[in-house]
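Notes follow once the structure below has been shown.
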Amino acid sequence: ARALAVGIIAVVLAAATWRQSGIYTDAETLYRATLARNPECWMCHNNLAALITGDRTDEAMAHLEMSLRINQLNEEAFNNRGVLLRQRGRNQEGIASLAEAVRLSPNYAIARRNLGAALQAAGRYDEALAQYEYLIRLHPTSAEDHEDAGGILLTLKRLDETALARLAER
């Protein structure tokens, strides 16, 4: 009788699990279902925004703003917001958001790389170069960071041996 009861409970729980997992057909559905039950889930707001950024930018921005209202220390949301602001042609606001992501997490390479690109687009080459140099110190073998820094040095016509040696030392 005891084994039968355990077996019945296991079958019922397995069926409930199967039914529940069917709700989450993809990541977007999972985040939306979670937010319906827990609207204060800052991580779900951020992750949902990252998923829908390409085609639903207004909704993505609303989710990022909500994520940041709930958790003001969310460096990923600041980074994602900065990227989205730049995509919308608001580079200066994007720089501010990306700078906040880097302030919160100085070694967050994606945010620092995005900040470097935003600063470069704004013509703030020395500040952009500083971002790439920081990244090179973090990851000395990163070809991408060396290339980005070299591109700025080329723009500034500072491709002398001293500048290149400085990058190589990082």
Side-chain angles (χ1 to χ4, degrees), residues 26-28 30-32 34-35 39-170:
D26 57 25
E28 182 176 346
L30 169 66
Y31 295 134
R32 289 190 187 282
T34 303
L35 287 170
E40 298 297 306
C41 181
W42 58 268
M43 184 179 70
C44 288
H45 282 290
N46 179 64
N47 292 352
L48 179 57
L51 279 175
I52 64 174
T53 295
D55 52 347
R56 292 174 273 172
T57 59
D58 289 340
E59 183 184 357
M61 185 60 80
H63 282 290
L64 290 170
E65 296 297 342
M66 180 60 78
S67 180
L68 290 168
R69 267 187 238 117
I70 297 165
N71 179 4
Q72 297 84 22
L73 301 177
N74 183 355
E75 70 274 4
E76 283 187 43
F78 276 110
N79 175 68
N80 293 340
R81 182 174 173 265
V83 169
L84 185 55
L85 285 165
R86 290 195 64 221
Q87 288 172 354
R88 296 173 124 191
R90 296 162 55 188
N91 198 48
Q92 291 306 319
E93 292 172 80
I95 288 171
S97 192
L98 293 164
E100 183 62 13
V102 167
R103 186 190 71 76
L104 290 169
S105 185
N107 294 341
Y108 183 16
I110 295 168
R112 194 170 283 277
R113 195 168 291 118
N114 288 334
L115 177 58
L119 290 165
Q120 187 172 358
R124 294 163 59 179
Y125 299 113
D126 287 330
E127 293 172 78
L129 184 59
Q131 299 306 313
Y132 298 128
E133 288 175 337
Y134 187 98
L135 287 166
I136 290 168
R137 283 191 298 276
L138 280 180
H139 309 285
T141 60
S142 169
E144 181 180 3
D145 298 327
H146 282 278
E147 181 181 354
D148 290 338
I152 291 174
L153 291 171
L154 182 62
T155 299
L156 296 174
K157 296 180 176 40
R158 288 176 31 197
L159 277 180
D160 59 16
E161 288 183 32
T162 305
L164 291 174
R166 193 173 94 214
L167 279 179
E169 290 172 4
R170 308 281 185 224

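Values below: every heavy atom of this structure, side chains too, minus hydrogens, waters and symmetry copies.
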If I compare all heavy atoms of [X] with all of [Y], which pair ends up nearest, and what's the gap?
{"X": "Cys41", "Y": "Thr34", "result": "SG-CG2, 4.4 Å"}
{"X": "Asn74", "Y": "Leu68", "result": "O-CD2, 3.8 Å"}
{"X": "Arg86", "Y": "Ala121", "result": "NH2-CB, 3.5 Å"}
{"X": "Ile136", "Y": "Ala149", "result": "CD1-CB, 4.0 Å"}
{"X": "Glu75", "Y": "Ala101", "result": "O-CB, 3.4 Å"}
{"X": "Ala118", "Y": "Ile95", "result": "CB-CG1, 3.5 Å"}

Taking only residues two or more places apart in sequence, or in another chain, which ones meet [X] in a side-chain contact (heavy atoms from CB on, under 4.5 Å)?
{"X": "Asn47", "answer": "Tyr31, Met43"}
{"X": "Gln120", "answer": "Tyr125, Ala128, Tyr132, Ile152"}
{"X": "Ser142", "answer": "Arg113, His139, Glu144, Asp145"}
{"X": "Met61", "answer": "Glu65, Arg81, Leu84, Leu85, Arg88"}

Using the test salt bridge (Lys or Arg N to Asp or Glu O under 4.0 Å), find all partners of [X] that sit at least two apart in sequence or belong to another chain.
{"X": "Glu76", "result": "none"}
{"X": "Arg32", "result": "Glu28, Glu59"}
{"X": "Glu127", "result": "Arg124"}
{"X": "Arg112", "result": "none"}

With sequence neighbours left out, what residues match [X] under side chain to side chain donor-acceptor pair (under 3.5 Å)?
{"X": "Tyr108", "value": "none"}
{"X": "Asp148", "value": "none"}
{"X": "Asn71", "value": "none"}

Quiz item: Quick one: salt bridge (Lys or Arg N to Asp or Glu O under 4.0 Å) pairs with a partner in residues 40-50, sequence neighbours left out?
Solution: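 For residues 40-50, and leaving out neighbouring residues, there are no salt bridge (Lys or Arg N to Asp or Glu O under 4.0 Å) pairs at all.
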
Quiz prompt | Leu156/Asp126 under side-chain contact (heavy atoms from CB on, under 4.5 Å): CA gap, chis, key distance, verdict | solution = CA-CA 9 Å; Leu156 296 174; Asp126 287 330; 3.9 Å; yes

Quiz item: Considering only heavy atoms from C-beta outward, does the side chain of Thr53 approach that of Asn80 to under 4.5 Å?
Solution: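 Result no, sub-4.5 Å side-chain heavy-atom pair not found.
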
Practice problem: Please confirm whether the backbone N or O of Pro39 pairs with a side-chain atom of His45, one donor and one acceptor, at under 3.5 Å? | Solution: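 Answer holds: yes.
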
Quiz item: Quick one: NE2 on His63 to CG on Asp58, what's the gap to the nearest 0.5 Å?
Solution: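 Here the rounded value is 11.5 Å.
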
Self-check item: From Leu73 atom CG to Phe78 atom CZ, the distance as rounded to the nearest 0.5 Å
Solution: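 It is 8.0 Å, given to the nearest 0.5 Å.
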
Quiz item: side-chain contact (heavy atoms from CB on, under 4.5 Å) between Asn107 and Tyr134: does it pass, once the steps are laid out?
Solution: CA-CA 9 Å; Asn107 294 341; Tyr134 187 98; 2.7 Å; yes

Practice problem: Check whether more than 12 heavy atoms from other residues, nucleotides or ligands sit under 6.0 Å from atom CG of Leu51, and answer yes or no. | Solution: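 Atom CG in Leu51 is crowded, with more than 12 foreign heavy atoms closer than 6.0 Å.
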
